[in-house]
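For reference, the structure discussed in these notes is given below.
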Amino acid sequence: MSQQLTITIDGKQCTCEKGEYLLDVAKRNGIFIPTLCHHEGLGGIGSCRVCICEVVARGRSQVVTSCIYPVEGEIEVFTKNERIKEQRAIILALLHHLAPASETISQMAAFMGADLPRLADKEGGEKCILCGRCTTACEQIGTGAIAKCGRGVTKEIATPYHQPTAECIGCAACANVCPTGEITCEQTDESVTIWGKTFEYLRCSCCGEPFATREQYEFAASKRHLPADPDTAAATGQDPEPLCEACEKRATAQRLAKNSIQFVVEP
Amino acid sequence: MSKANASQSAPARQLLICCGTGCLANKAAAVAEALEAAIQAAGANAVVQPDALQLKRTGCNGFCENGPIVKIHPDDVSYYKVKPEHAEAIIASIGGEPYQALLYRGDDKQPVTRQQDNPFYAPQHKVALRNIGQIDPLAIEDYLTSGGYQALRKALAMPPARIIEEVIASGLRGRGGAGFPTGIKWQTCAGYQPTPKYVVCNGDEGDPGAFMDRSILEGDPHSVVEGLTIAALAIGAERGFFYIRDEYGLALHNVQAAIQAATAAGYLGDDILGSGRKLHLEIVRGGGAFVCGESTALMASIEGKVGEPRAKYVRSAERGLWDMPTVLNNVETLANIPYIIANGGAAYAKLGTEGSKGTKVFSLVGKVNRTGLVEVEMGATLRHLIYDIGGGIKRNRPFKAVQTGGPSGGCIPAEMLDLAVDFDSLTAKGAMMGSGGMIVMDDHDCMVEVARYYVNFLSEESCGKCTPCREGLRQMLRILTDITEGRGQQGDIELLERLANTIKDASLCALGKSAPNPVLSTIKHFRAEYEAHINEHSCPAGVCSALCVYTIAAESCTSCSACKRACPLGIISGEKGVPYSIDSERCIACGSCRDACRFDAVRPIKKERQVVAS
Ligand SMILES: Cc1cc2nc3c(=O)[nH]c(=O)nc-3n(C[C@H](O)[C@H](O)[C@H](O)COP(=O)(O)O)c2cc1C
Ligand code: SF4
Ligand code: SF4
Ligand code: FES
Ligand code: FES
């Protein structure tokens, strides 16, 4: 059904499906394009612009962001010609002065030869490059505890009014996807502290391992239309005991076996 | 507002009172009331009987600085700067000699009675603004009398493809900024199968200096409703939106009223004029962010999301509002549509230049003698706009540059006064058509400061999503501020150019892609001015207050004391017969004295440099 296309990337012939993202095609063909805001699980954000490439289509040349650029025709792509190298270096220099404390970014900037001492560090700039991975993750989970606030040069990532928020469930997804380690998240066996709030871990009723915060568990339960509180859930028998992922899988398998449910396998 | 007249035949005379936002701010409402009272008071003794006079409140006549404006038809008399106390004299003059005190005085100071003899209006060619100032925007019957909704009737009898052909033949290009051919946009959208489709009118008008869209929405809302309805017929949409910024109170009110009246009269709704076609229009209020005028940000905002743009690798015509095929057009674009359908695309294509057909509304402001909204054929020269219509530069100062296209437009220098203005010629010179803003500058404007001003605006108005735009503008702003404050460094111009090129190529949306224009165009045409700031720490225009102070040239001073009265710090002294002088130690170079002096005696000199830390 899908249409096959042949494109050239840095002189190499590559085949791909129509509509595939350029970054994915390049990766599959062993061509490296640097990225920052792109994350497999989050979908195209397109904010950092580090993944820019030059695309020539029907004689017209254009700079595109490969992570969100769908290949629609027979194009010629340059991932590291002079124009792209210059612009990528400038973008990294800009990011470096936005987030001077970020090791990742300074290394990347140095690697790209991005040295523009005339640029000034952002006042109060730490590690955040405003890539939007964290807010996208939080939004996709459905919690919406953090957001990009303000516009233009005053944009920042924050909870509403910089206060600990009831929306946050302590899942730390934001910290996990952050490419620069800006989001501080203190984890112990007992609890996790993030965005100014400390969350206590629930322990798996089977193996005893800490596996989720109470708020995280309740949030997931509310998505499954179960009583939010794990104790009530257990008491009503709707969700016997809080289990970690591994134990949950095992329990489900055992239940299925016991009820000897027949799986209908389509031919 | 409209008062249907009791007598069967139309009243012999109309009294048109401009009640656009500008004139209302100058008490036009009180003028209208005073005129109504004066008509009644004159009563049976008047030359003209009250019932032979119809009083109408119209939209903006475009010459707001001379408002409130009152026009009498068919006598063709126009009065300017009318105050309530003039009402009696105006009414008494009807049918006789015009009331001299309120007539416009042209360049030769002679009174001008007829609007088409007024040098501001004479060269104009009105298509988009055709009805504004002539009709009561709240009276659908006024719109109908001037030919309104005839184009819709015609379009209902045409297959959609014919409508599109007509728009393509007209050569109309979008007036919202990018100049994309409207007919092609409709054709592309019509070609996509998925439904429902949507039509959207962009009434965000984020350019702070422009007010043509507001003026059209206020003064002739039905023309835009009709244009949008024709667009909907062409692409097969049954639902449409007006996106209008919240502070446009009168526009919001008048569009709402127009939608209601058009629905009641059967031009909108479930069965348009019995054709079985449907269209429902609603208004969405915009929060006023500049970036929300950008098409994808605007659609996100209508969907209730954060007004951030998305990449346009897939066009809105294919996937727009709620991912469905959508046509978005600007207010002025849509106001041209009924004219095109009624008169034919070919008639419209006779106007304008090869690549830019029709007319364009400009908001002409800045250092010109006459400012306001002007509609001229595409291809009019800058000289025509600035000197013929605008009446030249204030106080006969030298013309230096004109900034066109809104905040992310560019500056065009005096050498190019004979440039024929259209989409392509402006872009070729590093400026752009944009919204049609035109800010005229004289030798007292510093081009580095102009660039800094716009970059500052854009850095605040950028949505902040992508790196080149947000961070690039922040760094450019800092460098430009350094230059205007005497901290410029060697290599700054080249660095600005490098940053500009990256911002232009690598930004996500057209805000970022066009944001470097003010910097690049001023560097291109006024590089020496940048160099003077950086190398000599001097501001040749005498504007940058960190670099200059003012003195008074004794030989030119006539001791008129105008400067002294203008100085906000009171640091100018002098007396009759003795040249005045400024305490330069305390001068902040605000320029008030220089603007006040009619003899060019106040002059900037370089400020002795104190070392200013970065
Ligand atoms: C930053 C930015 C602001 C814009 N603001 C407006 C606006 O206020 N009004 C408008 O009609 N178009 C605006 N545009 C252009 C729109 O994106 C779009 O091109 C236009 O509304 C399409 O209509 P048209 O083809 O009739 O011009 C803006 C574009 C950008 C990039
Ligand atoms: S905190 Fe991390 S993930 Fe979030 S925007 Fe900043 S750099 Fe990106
Ligand atoms: S170019 Fe500017 S306005 Fe456009 S998406 Fe990027 S940051 Fe936002
Ligand atoms: S990785 Fe593509 S824009 Fe960030
Ligand atoms: S509002 Fe009256 S001329 Fe503009």
Side-chain angles (χ1 to χ4, degrees), chain A residues 19 21-22 36-37 44-55 61-72 83-84 86-99 116-123 125 129-132 135 139 147-156, chain B residues 287 289-292 297 305-314 318 455-479 481-482 487-492 494-496 498-509 511-513 515 614:
Chain A
Y21 291 125
L22 178 55
L36 275 169
C37 69
I45 297 174
S47 65
C48 75
R49 324 300 286 174
V50 167
C51 68
I52 50 169
C53 294
E54 184 170 351
V55 163
S61 144
Q62 190 192 358
V63 173
V64 308
T65 29
S66 58
C67 67
I68 51 172
Y69 179 82
V71 179
E72 298 286 353
R83 182 181 183 188
I84 294 301
E86 151 81 359
Q87 297 191 2
R88 199 177 279 146
I90 288 191
I91 290 170
L92 270 152
L94 291 171
L95 289 172
H96 174 56
H97 290 280
L98 164 67
L116 292 176
R118 176 74 169 100
L119 302 187
D121 284 356
K122 182 177 175 166
E123 233 171 90
I129 52 161
L130 295 168
C131 69
T135 50
E139 192 185 298
K148 291 189 268 178
C149 310
R151 91 170 96 98
V153 289
T154 61
K155 194 143 197 144
E156 58 175 353
Chain B
F290 178 64
V291 70
C292 280
K305 299 184 191 146
V306 184
E308 273 185 1
R310 61 162 177 80
K312 289 224 266 188
Y313 300 133
V314 179
E318 181 179 353
V455 169
N456 182 43
F457 176 89
L458 293 163
S459 74
E460 287 169 1
E461 290 296 326
S462 136
C463 84
K465 178 171 173 175
C466 71
T467 312
C469 174
R470 183 191 64 239
E471 299 307 316
L473 287 173
R474 187 164 66 79
Q475 298 289 357
M476 286 217 294
L477 173 61
R478 184 172 155 276
I479 296 170
T481 307
D482 277 358
R487 295 185 302 268
Q489 299 178 9
Q490 294 305 320
D492 277 358
E494 293 72 19
L495 180 56
L496 283 172
R498 285 179 69 193
L499 289 170
N501 285 326
T502 298
I503 298 172
K504 218 167 134 175
D505 272 359
S507 289
L508 189 147
C509 84
L511 188 151
K513 287 180 190 297
S614 180

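- For V64(A), the parts lying near chain B are the backbone and the side chain together; criterion is any non-hydrogen pair under 4.5 Å.
- Contact tally against chain A (heavy-atom pairs below 4.5 Å) for L499(B), D492(B), I503(B), L477(B): the top residue is D492(B).
- Of the atoms belonging to R310(B), not a single heavy atom falls under 4.5 Å from chain A.
- No salt bridge links R151(A) with E460(B); every basic N to acidic carboxylate O contact stays at or beyond 4.0 Å.
- Contact annotation for L119(A): both backbone and side-chain heavy atoms come within less than 4.5 Å of a heavy atom of chain B.
- Proximity to chain A (any heavy atom under 4.5 Å) is restricted, for E308(B), to the side chain, taken from C-beta onward.
- Taking G307(B), S507(B), A311(B) one by one and counting their heavy-atom pairs under 4.5 Å with chain A, the maximum is reached by S507(B).
- For E123(A), there are no side chain to side chain contact (heavy atoms under 4.5 Å, CB included) partners, not counting sequence neighbours.
- With sequence neighbours left out, the side-chain hydrogen bond (donor to acceptor under 3.5 Å, both in side chains) criterion links Q87(A) to D505(B).
- Heavy atoms closer than 4.5 Å to chain B are found in both the backbone and the side chain of T65(A).
- Q62(A) touches chain B through its side chain: at least one heavy atom from C-beta onward sits under 4.5 Å away, while N, CA, C and O do not.
- For the residue pair E54(A)/S61(A), the side-chain donor-acceptor check at 3.5 Å is satisfied.
- Looking at I52(A), only its side chain comes within 4.5 Å of chain B, counting heavy atoms on both sides.
- For a residue to count as touching a neighbouring chain, one of its non-hydrogen atoms must lie under 4.5 Å from one of that chain's; by this rule R88(A) does not touch chain B.
- Side chain of K155(A) to backbone of C463(B): a donor-acceptor contact under 3.5 angstrom is found.
- For I84(A), no part lies near chain B; criterion is any non-hydrogen pair under 4.5 Å.
- Both the backbone and the side chain of L508(B) come within contact range of chain A, with heavy atoms under 4.5 Å apart.
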